[in-house]
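Working notes, beginning with the structure itself.
Here is the naming used below: chain letters follow the sequence lines, and residue numbers restart at 1 for every chain. Hydrogens, waters and symmetry mates are skipped; everything else that's a heavy atom, side chains included, is used.
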Amino acid sequence: MDKIWLIIQREYLTRVRKKSFLVISLLAPLLLAGASIAIAKLNTGSGPDIVAVHDESGLRLAEHLADTEDITFVPAAPGSLAAAQQAFLKAKPKPAALLDFPASFTLDSTGGVQVLANGSLPLKRREIIRKAVNKALGELKMARSGLTQAVIDKMQARVDLAAIDLTQQGGRRNDVGTTTGIAYVLSILVYLFIFVYGVQVMRGVSEEKSSRIMEVMISSVKPFQLMMGKILGIAGVVLTQFALWLVLSWGITTVVMPLLLKADKPVAAATVTTTQTVDNQQATVDKPAVSAAAPVTDAVVAPRPGQPFSVWSALDGLPIGSIIGGFLFFFLGGYLLYSAMFAAIGSAVDDQTDAQQFMFPVTIPLILSYVVSINVIINGDPNGPLAFWLSMIPLTSPIAMVMRLPFGVPTWQLVLSGTLLIAGFVGTTWVAARIYRVGILMYGKKVTYKELSKWMFYKG
Amino acid sequence: MQNPASRPILEARDVRKHYAAHTALDGVSLAVPEQSIFGLLGPNGAGKTSLIRIITQITGADSGEILFRGEKLNASHIGQIGYLPEERGLYKKMKVGEQLLYLAQLRGLPRAEATQRIKHWLDRLELKPWAQKNVEDLSKGMQQKVQFIATVLHQPKLIILDEPFSGFDPINANLIKDEILQLRQDGATIIFSTHRMESVEELCDNIALINRARKVLDGPVSQIKNQFKTSTYEVEGQGKLLVMHPDFEVIEQKARENDHFYARIQLHAGTTPNDLLRFLIGQVQVDAFREQIPSINEIFIRRVRETMPETLLELPVS
């Protein structure tokens with residue numbers, strides 16, 4: 001036990017002391033923050049778009065265009081289209097588009113309407129604008145056909161009822177959006193970290209082999225100790241990295257970003273990206289007092305009509321405890337399971353290039369579980385039978401279960417999946433250790449699968 | 001130097017090891033006397049490394065037993081054994097001092113004591129200025145010194161060196177040779193696996209020759225040499241040598257300038273060197289007369305040939 005601790009220490013310290021570790025630990029949250037600020041500044045899509053309406057038809061269409069959640073219509077600068085265009089380009093905050101009704105436009109001849117925008121207007125936006133225009137035209141036509149304003153209002157009221165329904169659904173969809181976002185982010189983190197650090201384990205093993213330190217080492221310690229020491233040491237590195245990112249992201253999102261984005265608070269609220277959602281969510285748990293006092297939150301806690309839902313309030317309904325606990329557990333379980341396989345690969349080959357053929361069958365379940373999970377869980381039913389099985393099989397459960405966590409998973413399923421995962425990595429580690437023990441002393445031999453399977457049955 | 005009466009520090013009894021396709025050790029028994037240098041010889045693939053890996057507990061034997069000072073070999077002996085494998089290396093990105101400390105701690109040496117000894121050894125092998133350097137910044141010779149230090153740092157009672165001189169330049173090889181002798185002086189026993197015979201004659205007290213998974217010869221070096229003597233004498237002298245005698249036979253004769261000659265003459269059974277000398281004195285002027293003692297290399301090759309008659313031999317030329 002003493003020895004494995006020494007090995008863990010070495011594996012941990014040599015990696016944590018590397019400059020690249022420090023750089024990644026510091027840079028990643030900064031890049032993240034930078035990216036989200038950039039997105040906030042650039043992408044007005046997350047707030048309602050302002051569409052300037054230039055109307056030469058004399059129908060005063062701008063007044064009839066109803067604002068939606070996504071788009072606010074404002075009258076453009078009066079005058080010719082060219083003048084309106086000039087004003088449009090100079091206006092602040094920048095409108096997303098300029099909607100132009102030409103002088104020839106009448107209720108009966110509706111040709112010539114155009115939308116001008118910098119670059120191309122997203123299809124969805126165009127569709128919303130089109131619908132708003134159609135609706136306004138419909139109203140105008142109804143008025144022309146002799147319906148009194150009262151009748152129209154009455155009909156309108158019915159539409160409003162439907163609209164309330166829609167809004168509610170929209171609200172729920174927003175909620176689902178956050179949940180989905182968290183599911184995405186958590187599972188991609190699990191996927192990435194298992195992959196990146198599993199490969200590090202493999203590389204570490206094959207380095208020990210190619211630098212010929214292996215035999216010296218295993219005359220002092222058991223191969224199993226050497227393998228587990230490396231795997232656990234690197235697990236420590238991952239957890240340290242997580243912790244650093246959490247602290248840094250929390251610091252950046254609650255202290256630095258609000259200062260940078262003070263000018264346009266609502267945007268700031270909208271830009272706390274999903275990636276930070278994870279971190280922030282942890283931050284809220286860790287430091288509820290501080291984040292509540294942070295300027296970002298008060299701008300955000302009470303969602304205003306027309307504002308997108310805030311991540312903070314959206315998180316309220318989520319099983320945060322089980323998400324965090326589950327994430328850590330399933331990440332570690334998955335990491336242990338896969339890195340044991342990666343260690344076995346590293347031990348079996350003489351150099352990195354030979355590793356490719358063996359990496360393939362290991363990475364396939366990892367990639368598949370990510371891709372399939374997205375389709376089954378996020379785009380399908382998070383509690384369906386396929387989702388259930390994906391989150392039970394130890395090879396896929398680290399990703400699938402983490403993806404299901406934000407949607408809420410019954411406790412018995414968590415326990416069962418956790419138990420299976422533990423059994424899975426104990427089994428994998430046992431097999432991997434048997435391959436490892438033979439592989440580390442095997443030089444200059446082209447290894448085949450048949451060979452590997454033989455190694456498993458070698459005696460001491 | 002060796003004390004034949006002392007009990008062996010290491011004993012192997014009928015050790016067998018089979019791999020899937022071949023037999024690495026087929027009932028090998030040997031005893032390594034305490035405080036001696038023991039040469040474990042054999043051609044490549046003979047089973048030397050397999051035996052060493054069993055002694056260092058990297059692998060286990062299929063059957064047979066290994067006794068360390070009379071006790072069945074177990075994990076508690078790891079700290080008393082130092083091993084320098086043939087395939088050896090170091091962590092390239094680790095500092096020399098840290099690396100030695102790590103390896104010593106893994107062998108069970110307490111940190112403080114290890115630090116002390118590392119200092120001593122780095123001083124002794126003139127590596128002190130390099131203690132804080134990464135291993136990859138060291139020359140190959142220096143790295144080998146570091147490896148040697150790592151092997152002996154925990155003051156093992158039994159030191160196993162597998163081809164210790166391969167890759168060493170002559171200066172470092174000599175340095176290590178002296179250190180090996182010093183270690184024996186200080187009470188350690190050294191098992192020395194090699195197929196380079198010249199270093200064996202210089203250093204070893206005892207040898208065991210392994211070929212094709214079996215021990216084919218062992219014993220004290222002097223005794224083995226005696227055993228393989230062929231009663232051949234080398235003669236240098238002046239005059240006309242003409243041997244027509246039932247008791248002697250000339251194996252080789254070379255004429256040299258100024259009427260000098262060199263000859264190798266074998267005695268037939270029952271003849272003494274004095275008989276030959278008397279015969280020679282009557283015929284020529286004898287300048288030199290000495291018994292031809294086979295080198296370990298010759299014995300090695302002879303023994304290996306004898307035990308491997310049917311195959312083409314790939315012997316190390318040394």
Side-chain angles (χ1 to χ4, degrees), chain A residues 1-15 17-21 203-226 229-230 233 350 434 436-445 450-460, chain B residues 16-21 49-50 52-63 75 77-79 81-95 98-111 114 134-136 143 146-148 150-151 153-154 156 159-160 162 167:
Chain A
M1 216 46 213
D2 260 9
K3 288 182 179 177
I4 200 168
W5 182 239
L6 280 168
I7 297 167
I8 293 173
Q9 270 183 318
R10 193 202 84 88
E11 296 294 337
Y12 178 79
L13 288 175
T14 50
R15 285 183 172 78
R17 274 197 247 143
K18 269 189 197 159
K19 280 191 200 81
S20 57
F21 177 81
R203 206 166 283 162
V205 173
S206 73
E207 254 170 39
E208 270 171 332
K209 204 180 163 185
S210 61
S211 72
R212 303 290 200 263
I213 182 86
M214 201 57 107
E215 205 168 339
V216 175
M217 291 301 294
I218 58 168
S219 66
S220 296
V221 301
K222 293 209 166 61
F224 183 74
Q225 290 175 314
L226 189 58
K230 184 176 289 292
D350 274 356
R434 293 188 74 82
Y436 180 89
R437 159 194 77 118
V438 180
I440 49 178
L441 291 174
M442 211 62 87
Y443 287 107
K445 198 166 179 181
K450 200 177 150 201
E451 193 84 30
L452 283 186
S453 60
K454 263 197 237 158
W455 291 359
M456 273 189 251
F457 303 107
Y458 274 5
K459 286 167 284 180
Chain B
R16 286 166 201 276
K17 178 83 182 171
H18 300 275
Y19 289 104
T49 302
S50 291
I52 288 174
R53 283 182 178 170
I54 291 169
I55 298 171
T56 51
Q57 302 182 51
I58 289 172
T59 52
D62 294 344
S63 68
H77 295 129
I78 286 177
I81 297 177
Y83 176 37
L84 183 67
E86 184 176 6
E87 297 284 2
R88 52 187 174 243
L90 297 162
Y91 287 108
K92 290 195 179 71
K93 307 260 179 210
M94 225 173 157
K95 295 199 173 86
E98 277 175 19
Q99 179 134 210
L100 286 171
L101 182 62
Y102 178 56
L103 293 171
Q105 282 183 298
L106 284 178
R107 286 275 179 184
L109 205 61
R111 197 187 172 88
N134 276 348
V135 168
E136 61 186 350
Q143 288 189 25
V146 175
Q147 288 157 356
F148 182 78
T151 311
L153 203 56
H154 56 293
I159 300 167
I160 301 172
D162 198 350

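- Going from atom NZ of A:K222 over to atom CD1 of B:I78 covers 6.0 Å, rounded to the nearest 0.5 Å.
- The CD1 atom of B:I81 lies 9.0 Å from the OG atom of A:S219; values are rounded to the nearest 0.5 Å.
- With sequence neighbours left out, the side-chain contact (heavy atoms from CB on, under 4.5 Å) criterion links B:Y102 to A:L6, A:I7, A:R10, A:M217, B:Y91, B:M94, B:L106.
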_Set out, in order, the CA-CA distance, both residues' side-chain angles and the distance that settles side chain to side chain contact (heavy atoms under 4.5 Å, CB included) for B:D162 and A:E215, then state yes or no._
CA-CA 11 Å; B:D162 198 350; A:E215 205 168 339; 5.6 Å; no
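- Exactly one residue among A:I213, A:L441, A:V216, A:I218 makes a side-chain contact (heavy atoms from CB on, under 4.5 Å) with B:P85. That residue is A:V216.
- In this structure B:K92 satisfies the side-chain contact (heavy atoms from CB on, under 4.5 Å) test together with A:S211, B:E136, sequence neighbours excluded.
- Side-chain polar atoms of A:R437 and B:T59 form no donor-acceptor pair below 3.5 angstrom.
- Atom CZ of A:R212 and atom CD of B:Q147 lie 12.0 Å apart (nearest 0.5 Å).
- With a 4.5 angstrom heavy-atom cutoff, B:E86 does not touch chain A via any of its atoms.
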